[in-house]
Amino acid sequence: MPELPDVEVFRKYLGKTALCQSIVKVEVFAEDILDDLSQKQLQSQIEGHQFESTERHGKYLFTRLSDNSWIVFHFGMTGYFDYFKDADWPPKHTRVLFSFDNGYHLAFVLQRKLGRLALTEHINSFVKKQGLGPDALDKSFNLRAFKKAVTGTRSSIKSALMNQERIAGIGNIYSDEILFQARLNPKAKASRLSNQGLKMLFRAVKEVLETAIDSGADPRKMPQHYLLPRRERGAKCPICHGEIATMKISGRTAYFCPKCQST
DNA sequence: ACATTGACCTGAGAGC
DNA sequence: TGCTCTCAGGTCAATG
């Protein structure tokens, strides 16, 4: 699940649960998800401290420690947080477990080990090192910046939207939703979009991501005219009631309505 | 040089 | 029931 809206929901979840609790213990159950650091380093950096604030850039979540360094979470395709009280059995696939002095625990859960945990001194340097583009919901990411990010490539508009070096935060399913709301074909060449098309697309980016966050990133709570809850074979388009189709674009499955998104 | 594919992991679900 | 095959909301290195 974890694209920008999901990570934003995780950020809020952390804010309501584990924030500002003293961390008494850190356990790592899968050292291979640690990025350039050992379990020992992580423990000495974190134990006795607390998560003091949170930030997000694209699909990355940052939590600040009292020494002003940051822990970086990336959720891969299957990651999430689980804050719970009973210590006896952490959730299946818990890769890192933080325990607090109030008796609660925060599990960083990854079924597939495609997520990451890292440490960084500054968010900006991490973002730069990863080569991430501007966050899709950042205020300064305006129409002008969007045009710059999305044009100047020979690839399809869907690939361009998903490219984290161009825009940070949009993945496979939200690129589909954005293109559906903008009534644009996923295969359309990014460089061929009209000014009007780019404007509509930009609006769709902001609107879809904000709406998804407001829905708690839960497809069941999204508006009726959204494609997202209908990502299955044989589903009907919420606009024209035609059949939803799929195609492969840069290795990912795109869902779209051939009628509403013909160009 | 740039864009696309395969590898990385661990299941879930379909089909036989 | 159990086996095999395909697919999954991400990224990176290798390939064309």
Side-chain angles (χ1 to χ4, degrees), chain A residues 1-11 28-36 56-61 72-81 91-96 107-118 126-133 135-136 149-180 186-192 205 208-209 211-213 215-222 226-235 244-256:
Chain A
M1 41 169 98
E3 298 181 35
L4 187 153
D6 311 275
V7 177
E8 182 61 18
V9 169
F10 298 157
R11 192 182 74 79
V28 178
F29 302 116
E31 201 154 13
D32 47 336
I33 67 140
L34 302 183
D35 217 1
D36 287 329
R56 185 190 52 70
H57 188 105
K59 303 172 189 174
Y60 290 85
L61 176 62
V72 186
F73 293 92
H74 189 277
F75 297 87
M77 287 176 95
T78 58
Y80 62 94
F81 283 141
K92 204 173 179 186
H93 305 123
T94 295
R95 307 304 183 181
V96 179
F108 179 41
V109 185
L110 305 166
Q111 184 203 98
R112 303 163 70 187
K113 295 198 273 185
L114 302 176
R116 283 278 167 280
L117 195 151
F126 181 86
V127 166
K128 202 168 181 182
K129 195 191 81 186
Q130 288 292 318
L132 299 176
D135 181 84
V150 147
T151 51
T153 173
R154 281 175 286 163
S155 62
S156 68
I157 185 58
K158 179 172 168 73
S159 299
L161 286 174
M162 289 194 297
N163 186 334
Q164 302 301 297
E165 296 182 22
R166 295 182 174 278
I167 309 168
I170 301 169
N172 193 33
I173 71 158
Y174 284 102
S175 61
D176 281 354
E177 188 65 58
I178 288 162
L179 289 164
F180 179 71
K187 274 236 168 80
K189 291 288 172 200
S191 57
R192 298 259 182 79
V205 167
V208 165
L209 297 177
T211 301
I213 292 168
S215 312
D218 182 346
R220 292 167 305 178
K221 293 181 185 150
M222 287 182 199
Y226 269 42
L227 180 65
L228 228 150
R230 299 174 176 77
R231 284 180 77 82
E232 53 196 68
R233 240 182 20 166
I244 294 301
T246 64
M247 59 184 168
K248 286 276 180 200
I249 296 183
S250 32
R252 316 301 301 279
T253 304
Y255 286 74
F256 72 110

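Chain A is the first sequence line, chain B the second, and so forth, proteins listed ahead of strands; every chain is numbered from 1. Just the heavy atoms: all of them, side chains too, but no hydrogens, waters or symmetry mates, feed the values below.
Straight-line distance between the P atoms of C:dA14 and B:dC9: roughly 15 Å, to the nearest whole Å. As rounded to the nearest Å, B:dA12 and C:dT11 have C1' atoms that lie 22 Å from one another. Between B:dA14 and C:dG9, the two P atoms lie 16 Å apart (nearest whole Å).
At whole-Å resolution of the value, CG in A:Leu4 and P in C:dG10 are 12 Å apart. Distance CE (A:Met222) to P (C:dG9): 14 Å, rounded to an integer number of Å. One atom, NZ of A:Lys129, and another, C1' of C:dT11, lie 14 Å apart when rounded to the nearest Å. Between A:Met162 atom CE and C:dG9 atom P there is a gap of 10 Å when expressed in whole angstrom units. Atom CD in A:Gln111 sits roughly 13 Å away from atom C1' in C:dG9 (whole-Å rounding). Atom P of nucleotide C:dG10 and atom CG of A:Asn172 are separated by 6 Å, given to the nearest angstrom. We find that CG of A:Leu161 is positioned 15 Å from C1' of C:dG9, with the value rounded to whole Å. The NZ-C1' distance, from A:Lys113 to C:dA8, rounds to 18 Å in whole Å.
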Test side chain to side chain contact (heavy atoms under 4.5 Å, CB included) applied to A:Val150 and A:Arg166, step by step
CA-CA 7 Å; A:Val150 147; A:Arg166 295 182 174 278; 5.9 Å; no
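Evaluated for a ring-ring contact (aromatic ring centres under 6.0 Å, His included) with A:Phe10, the options A:Phe108, A:Tyr80, A:Phe75 yield exactly one hit, A:Phe75. When each of A:Ile173, A:Leu228, A:Thr246, A:Leu179 is tested with A:Tyr255 by the rule side-chain contact (heavy atoms from CB on, under 4.5 Å), just one qualifies, namely A:Thr246.
No contact: A:Asp32 has no heavy atom under 4.0 Å from any strand. The residue A:Thr78 sits apart from the nucleic acid: no heavy atom pair falls under 4.0 Å.
Under the 4.5 Å side-chain criterion, counting only non-hydrogen atoms from C-beta, A:Phe73 is in contact with A:Leu117.
The heavy-atom pair separating A:Leu4 from A:Asp135 by the smallest distance is CD1-OD1, 3.6 Å.
The phosphate of C:dG10 (OP1 or OP2) has a side-chain N or O of A:Arg252 nearer than 4.0 angstrom. Here A:Gln130 reaches the OP1 or OP2 of C:dC12: one of its side-chain N or O atoms lies under 4.0 Å away.
Summary of the strand contacts: A:Lys248 and A:Gln164 both lie near DNA chain C, and taking for each the nucleotide with the nearest heavy atom, the more 5' one is attributed to A:Lys248.
In this structure a side-chain-to-backbone donor-acceptor pair under 3.5 Å is present from A:Arg95 to A:Leu110. Of the possible polar contacts, one joining the A:Thr78 side chain to the A:Arg112 backbone as a donor-acceptor pair under 3.5 Å is found.
The strand DNA chain B forms stems, runs of 3 or more Watson-Crick or G-U wobble pairs with distances below 3.5 Å, at B:2-8 with C:10-16, B:10-16 with C:2-8.
Think of the region where chain A sits on DNA chain B: with heavy atoms and a 4.0 Å cut, that region ends 5' and 3' at B:dC2 to B:dG11.
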If you restrict it to nitrogen or oxygen atoms, what contacts under 3.5 Å exist between nucleotides 13-15 of chain C and the protein, and what is each distance?
none

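Note on A:Lys158 versus A:Asp176: salt bridge recorded, some NZ/NE/NH1/NH2 to OD/OE distance being below 4.0 Å.
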